[in-house]
Amino acid sequence: MAGRENDCGVMEPGLFTTDYTVPGGLSPDDLHACAKVLAVSAPVGAEIAEFEGNGSATADDLVAAIEPLLTEPRS
């Protein structure tokens, strides 16, 4: 896998400030679960797009949600 992008607009509305929102979007726990699955395929890169600021969650929460992509051992 070459890389993946997470557009913050797919997150649950109100978690982060974005131009676009999707009702019923991902929670930080959902994103973390996805990141764990993606991490085993040894991505070369990842991108966070459309993050315009904190909402009810912070940038630290977003980084924690994608943490498996940053730290999981690759097979």
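Along the sequence shown, the residues carry numbers beginning at 1.
To the nearest 0.5 angstrom, L62 atom CG is 5.0 Å from C8 atom SG. Of the inter-residue distances, the one linking E47 atom CD with I66 atom CD1 reads 11.0 Å to the nearest 0.5 angstrom. Rounding to the nearest 0.5 Å places CG of D61 at 9.5 Å from CE of M11.
Looking at every heavy atom in both residues, P28 comes nearest to A65 through O-CB, 3.6 Å. Considering every non-hydrogen atom in both A39 and P68, the closest pair reads CB-O, 3.4 Å.
In this structure, V63 and L70 have side chains that are in contact, with non-hydrogen atoms separated by less than 4.5 Å.
Contacts of D30 classified as side chain to side chain donor-acceptor pair (under 3.5 Å), with partners at least two apart in sequence or in another chain: S27.
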Using atom types as modelled, flag every donor-acceptor pair under 3.5 Å from a side chain in residues 16-25 to any protein atom, sequence neighbours excluded.
| unit_1 | atom_1 | unit_2 | atom_2 | d |
| --- | --- | --- | --- | --- |
| T17 | OG1 | N54 | O | 3.1 |
| T18 | OG1 | Y20 | O | 2.5 |

key: L26 vs L15, side chain to side chain contact (heavy atoms under 4.5 Å, CB included): CA-CA, chis, key distance, verdict   = CA-CA 10 Å; L26 298 174; L15 285 174; over 6 Å; no
